[in-house]
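Before any comments, here is the structure.
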Number of protein chains: 2
Amino acid sequence: MKKKLSIVDIANSLNISKTTVSFILNGRAREKRISEELVERVLKYVKEVGYKPNSLAKSLRTGKSNTIGLLVQDISNNFYATIARQIEDLAYKNGYKIIYSSTENDTQKTQELIAMFRDRHVDGYIIVPPEGIEEDIRSLIKDGLPVVMFDGYIPKVKTDYVVVDNLFSTYNATRYLVDKGHKHIAFITFKSGQTQMIERLDGYKQAMKESKNPTLIKEIDFLQEDKPMIDPVRDFLNEHKEIDAILFGNNRLSIFGLKVLRDLNKRVPEDVALISFDDYEFFELYNPSVTAIAQPIGDIADNVINILLRRLNTSNDNDSKEHITLHTTLKIRKSTE
Amino acid sequence: MKKKLSIVDIANSLNISKTTVSFILNGRAREKRISEELVERVLKYVKEVGYKPNSLAKSLRTGKSNTIGLLVQDISNNFYATIARQIEDLAYKNGYKIIYSSTENDTQKTQELIAMFRDRHVDGYIIVPPEGIEEDIRSLIKDGLPVVMFDGYIPKVKTDYVVVDNLFSTYNATRYLVDKGHKHIAFITFKSGQTQMIERLDGYKQAMKESKNPTLIKEIDFLQEDKPMIDPVRDFLNEHKEIDAILFGNNRLSIFGLKVLRDLNKRVPEDVALISFDDYEFFELYNPSVTAIAQPIGDIADNVINILLRRLNTSNDNDSKEHITLHTTLKIRKSTE
DNA sequence: CTGAAAGCGCTAACAT
DNA sequence: ATGTTAGCGCTTTCAG
């Protein structure tokens with residue numbers, strides 16, 4: 001059980017001051033005009049004994065932790081998991097660690113997580129905002145902590161964000177269904193005040209208005225358990241036998257929909273056509289394969305982390321925020337053929 | 001931009017010493033015989049101004065971080081994601097935070113992650129061990145840090161662990177296929193020296209030996225990209241047209257298998273029956289639904305976190321480790337009917 | 001019952 | 001070019 005070495009141990013062993021060691025370790029040797037020879041010797045010794053600076057002490061002293069906090073709705077959802085992994089990769093390459101957690105769209109849990117992140121002196125935040133955390137975000141900003149949002153954003157708070165053109169995406173998908181001759185097109189979504197969900201709903205409404213067909217909207221409460229979310233879907237479809245096409249607000253709902261349609265012995269696409277917002281590995285494999293609105297996952301992750309890294313490097317409190325809107329792709333598969 | 005309050009600020013505002021505040025905040029008021037009245041007053045004030053102790057400073061001082069490090073192969077895999085979430089829940093209720101990451105079965109990445117966790121003074125470790133980290137684990141143990149493994153374990157290192165009876169599970173599943181009249185049963189798995197994979201392979205071999213049929217084994221290299229793992233599966237099935245049943249070593253492989261079988265126009269179960277190790281939401285929905293060996297996810301998570309919490313609370317260096325083996329369930333569905 | 005003071009490991013003014 | 005030293009915010013021994 002070897003004692004952990006400290007910078008003082010290193011300094012003593014080498015008969016120099018810990019300041020010198022600190023400067024060398026932080027790459028400020030040149031600046032401080034420390035001899036090449038000494039630098040060499042210190043670095044060699046440090047490597048030899050495997051000394052690692054205590055990051056806790058470092059953070060306490062500097063106020064920086066080289067950590068980025070990432071909050072998404074559900075890290076086990078493929079969409080977020082993929083983005084998280086890519087963000088993590090890029091962050092690592094730039095010397096940042098990622099610490100992430102799922103908000104489960106729960107305002108209170110999110111508040112606690114933000115508090116915990118603050119507590120750990122996280123340097124920057126990447127957040128998919130649930131409703132009602134406006135104040136918490138505002139407080140982060142006020143304290144000069146960079147915040148980048150994605151997926152959705154909070155209209156009343158000025159932050160950088162990266163989103164997709166949700167409205168056009170569902171508008172376009174709905175139009176596609178209309179053009180295929182469907183009359184009774186339903187939109188099943190989560191009840192949510194989040195911008196992304198509102199926009200998706202609006203896109204659908206707009207297309208339906210143009211098609212002169214009535215809207216058929218079902219908003220499901222977002223819950224932890226599957227069953228109480230699946231049942232309303234089933235009830236809704238039972239109440240509206242006329243439905244001949246469904247657009248789902250995200251991939252979780254699409255899975256629910258597939259289950260219900262199977263249980264109801266509805267044929268896809270003969271009885272009901274369907275489109276999922278968010279693609280999923282499994283949609284391509286399913287029989288019939290499922291038409292989906294695919295988000296540019298790689299681009300989203302790239303943009304998010306790049307913006308944040310830029311903010312982290314330039315601490316000027318620039319008031320102009322970046323708002324990036326990316327485009328989705330409608331992947332047409334068998335469920336709408 | 002309000003200045004963060006420190007314990008000194010609290011003490012000054014109340015005209016008492018920071019020691020007293022510290023004692024009260026750490027519930028040692030009784031022990032130190034501090035007046036009820038003062039305790040009340042301090043707590044009230046603390047809540048009022050929203051003071052939160054700086055956990056960095058606390059950790060630096062105490063050496064404890066109240067954090068548990070969780071390392072699994074792939075946090076976006078449903079199996080691990082579900083376990084992680086449940087572990088997180090229970091940990092929170094006991095005052096611990098979880099910080100997790102994916103090893104991707106990469107030894108070096110795992111070593112770096114362990115180093116990072118150590119650096120952050122993580123109090124305890126939950127690890128699904130990749131190959132070759134024996135020494136790193138040993139070093140953790142030597143330094144008195146509790147380590148609980150699950151899914152697999154490292155035979156040469158004494159730690160607590162929670163696993164399932166892998167050998168019996170595949171033995172049983174293979175027997176089931178044999179009893180159904182299948183003769184050419186293949187086992188497709190990841191090439192791995194991990195105990196769980198070895199045991200699964202052994203279970204299959206044992207059942208095949210009893211059935212007097214030849215074994216048909218394909219070991220795939222674990223990679224980041226899907227395609228180079230899918231291709232070998234396809235090649236293998238093309239080379240062995242006689243195969244009439246397949247047992248997959250885990251759910252990721254099963255997904256690959258389903259894709260290949262679809263591309264090859266093989267009917268399931270008429271041409272080929274199949275069983276997946278690890279269940280998946282999607283297997284029940286797929287047509288035909290997929291027979292799977294389901295692990296008791298909830299039980300695994302419960303056991304893991306409970307053992308770790310116990311170790312964390314009783315710091316006696318008890319040498320006797322807990323080895324828990326849980327049972328799986330063969331969920332028979334249409335893919336083997 | 002309460003306070004003074006040391007110290008966890010590190011950084012960075014300020015000296016020299 | 002290198003050393004001295006004062007904290008970052010907290011816990012905890014030791015003295016009252």
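A, B, ... follow the sequence lines: proteins, then strands. Residue 1 opens every chain.
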In whole angstrom, give the distance that lies between atom [atom1] of [X] and atom [atom2] of [N].
X      : N      : atom1 : atom2 : result
A:L38  : D:dT2  : CG    : C1'   : 9 Å
A:N54  : C:dG7  : CG    : P     : 18 Å
A:N15  : D:dT2  : CG    : C1'   : 13 Å
B:L56  : C:dG7  : CG    : P     : 22 Å
A:E37  : D:dT2  : CD    : P     : 9 Å
B:E31  : D:dT11 : CD    : P     : 14 Å
A:N12  : C:dG9  : CG    : P     : 13 Å
B:H121 : C:dC10 : NE2   : P     : 9 Å

Are any non-hydrogen side-chain atoms of B:V163 and B:T195 less than 4.5 angstrom apart?
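Of all side-chain heavy-atom pairs linking B:T195 with B:V163, none is under 4.5 Å.
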Counting C-beta onward and ignoring hydrogens, is there a side-chain heavy-atom pair between B:F79 and B:D151 closer than 4.5 Å?
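Side chain of B:F79 against side chain of B:D151, heavy atoms only: contact under 4.5 Å found.
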Reckon [X] has a side-chain N or O less than 4.0 Å from the OP1 or OP2 of [N]?
X     : N      : result
A:N26 : C:dT11 : yes
A:Y51 : C:dC10 : yes
A:R28 : C:dA12 : yes
B:S22 : D:dC10 : no
B:T62 : D:dC10 : no

When you get a sec, tell me which of [options] is the closest nucleotide to the side chain of [X]?
X     : options               : result
B:K18 : D:dC10, C:dC10, C:dG3 : D:dC10
B:T20 : C:dT2, D:dA1, D:dC10  : C:dT2
A:F23 : D:dT13, D:dG3, C:dT11 : D:dG3
B:I16 : C:dG3, C:dA12, C:dG9  : C:dG3

For A:Y161 and A:Y153, take the angle between the two ring planes, folded into 0 to 90°, and tell me which bin it lands in: parallel under 30, tilted 30 to 60, perpendicular over 60.
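Answer is parallel, since the angle falls under 30°.
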Return the orientation label for the B:Y125 and B:F117 ring planes: parallel under 30°, perpendicular over 60°, tilted otherwise.
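B:Y125 and B:F117: tilted rings.
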Considering all heavy atoms, the nearest B:Y96-B:T67 contact
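Looking at all heavy atoms of both residues, the shortest contact is CD2-N, 3.8 Å.
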Base [N] paired with [X] side chain (donor-acceptor, <3.5 Å):
X     : N      : result
B:K58 : D:dT11 : no
B:T19 : C:dA4  : yes
A:R61 : D:dG7  : yes

Between the side chains of B:E88 and A:S101, does any donor sit under 3.5 Å from an acceptor?
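Present: a donor and an acceptor within the cut-off.
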Want to settle it: does A:V8 or A:K32 sit nearer the 5' end of DNA chain C, counting the closest nucleotide to each?
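It is A:V8, whose closest nucleotide lies nearer the 5' terminus.
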Remember a base hit wins even if backbone is also touched, and classify B:S35 as base, sugar-phosphate or nothing at under 4.0 Å, heavy atoms.
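Sugar-phosphate, no base atom in range.
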